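Report on the structure given below.
All ligand and atom numbering here is 1-based and tracks the order in the structure. Being a predicted model, the structure only gives us computed values, none of them experimental.
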Amino acid sequence: GFDLSQFEVGDLIGKGAFGEVYVASHKRRKRVKVALKCMMKSQEDRYLDVDGHSTPVLAEVAMMLRLMNAPRCPNIIRLHDWVELEDNFVLILEYAESCQTLLQYIKDTGDIEENQARRLMRQLIRAVMFCTERGVFHGDIHTANILVTLPRLELKLIDFGCAQPITHKPFNKSDYRGAGHGMPPEALRGRVFHANPAYVWTIGIMLYEIMHGRLAFCNRQSLMFGSIQINPRLSTACVDLISQCLIRNPVQRLQLHQVEEHCWFNPTTPNSLKQF
Ligand code: ADP
Ligand code: MG
Ligand code: MG
């Protein structure tokens, strides 16, 4: 197990709905760092189960534990342990050193090159595929829940607070508990939805945002009915991949395994004449 008393709590590195994230370093071995995601119990009282445990926190831990058995995926943040204190639940997480959220990275970088985007998207797809293999639907993929380490551009998926187990049954709209940016139209429409097509939609949303520096859809209306404005200077392959991930009908949408095989990811195919 992990002994919290051996760690010294440092700077606040992030804030979310239910709590705060701090970096902490090992008192003797200063180079050993972890991230502590602290969630106040009082804010979750109404979610306590019969034993007084917080069900959302337990669900977050349970979903992460599915992803922690070897072999692990390097693109999913590691959960070392979790402890229950009197007022707090603390998740002890791998600390992503010298990282930014994807949100901040997009803001700071401005025009992101397709090569950079490809590097990020490959890792996001790896994380998503791994989640499906372990039966986890993340349910809240957006740019503040993705960390990017600099300068190596390693991607880490974080925040399984809205994750759901994938079963043989489809999800209902209410199962999508995330912020909404990544919610696929079939879920918004109130129909049932499946994890894999929902993941593909989110991949399209993320690729669009990386390449344009803004959301593909700014509101519900445009998500349901609007046309997507894709930058014509992107490579044909990139435009095609975004368009095929963002097909509203989940049956016609690209399938998860097809995303990985798409020619935009195939380096032997010349996919951009932009530089000439
Ligand atoms: P919430 O569930 O409240 O949204 P998150 O798990 O998304 O909390 O964490 C909030 C923020 O804290 C993130 O957007 C990120 O900036 C930062 N953060 C979270 N986990 C880590 C980590 N392991 N390493 C570095 N920063 C992190
Ligand atoms: Mg979050
Ligand atoms: Mg959360």
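Minimum interatomic distance between I125 and V259 (heavy atoms only, all atoms of both residues): CD1-CG1, 3.5 Å.
Scanning the protein heavy atoms around atom 6 (O) of ligand 1, the nearest turns out to be K37 NZ, 2.8 Å. Nearest protein heavy-atom neighbour of atom 27 (C) of ligand 1: L147 CD1, 3.8 Å. Nearest protein heavy-atom contact of atom 23 (N) of ligand 1 is E94 O, 2.8 Å. Annotation: atom 19 (C) of ligand 1 to nearest protein heavy atom, I158 CD1, 3.7 Å. Summary of contacts: the protein heavy atom closest to atom 16 (O) of ligand 1 is T101 CG2, 3.4 Å. Protein heavy atom in closest approach to atom 14 (O) of ligand 1: A144 O, 2.8 Å. Protein heavy atom closest to atom 9 (O) of ligand 1, with residue, atom name and distance, is V21 CG2, 3.6 Å.
Between F217 and W201, the two ring planes are parallel [angle under 30°; tilted spans 30° to 60°].
The 12-atom threshold is not exceeded at CG of D11, counting heavy atoms of other residues, nucleotides or ligands nearer than 6.0 Å. In the displayed structure, K30 atom NZ is contacted under 6.0 Å by more than 12 heavy atoms of other residues, nucleotides or ligands. Counting heavy atoms of neighbouring residues, nucleotides and ligands inside a 6.0 Å radius, atom CG of D111 does not exceed 12 of them. Atom CZ of R214 has more than 12 neighbouring heavy atoms from other residues, nucleotides or ligands inside a 6.0 Å radius.
Among the atoms of D159, some N or O lies under 3.5 angstrom from an N or O of ligand 1. At least one N or O atom of A96 sits closer than 3.5 Å to an N or O atom of ligand 1. Considering both main-chain and side-chain atoms, K15 never comes within under 3.5 Å of ligand 1 through any nitrogen or oxygen pair.
Remark: side-chain polar atoms of S25 are not paired, donor with acceptor, to backbone N or O of V32 under 3.5 angstrom. At distances below 3.5 Å, at least one donor-acceptor pair connects side-chain atoms of R253 with backbone N or O atoms of I247.
Atoms of ligand 1 lying under 4.0 Å from at least one heavy atom of N145, given by number and element, are 7 (O). The contact set between ligand 1 and I77, taken as ligand atoms under 4.0 Å from a residue heavy atom, comprises 23 (N).
Rounding to 10 degrees, one finds that the Mg ion (ligand 2) sits at the corner of an angle of 90° between N145 OD1 and D159 OD2.
Comparing heavy-atom distances from atom 26 (N) of ligand 1 across I13, T143, L12, D140 singles out I13 as nearest. Nearest to atom 3 (O) of ligand 1 by heavy atom, out of G14, A35, G19, G16, is G16.
Of the charged side-chain nitrogens involved, none lies within less than 4.0 Å of a carboxylate oxygen, so that E8 and K27 do not count as a salt-bridged pair. A salt bridge is defined here as a Lys NZ or Arg NE, NH1 or NH2 lying under 4.0 Å from an Asp or Glu carboxylate O, and R248 with E186 fails to meet this definition.
Contact annotation: G161 has no heavy atom less than 4.0 Å from any atom of ligand 1.
When non-hydrogen atoms are compared, ligand 1 lies under 4.0 Å from neither the backbone nor the side chain of V23.
Among P170, P250, P184, the single residue meeting the side chain to side chain contact (heavy atoms under 4.5 Å, CB included) criterion with H194 is P170.
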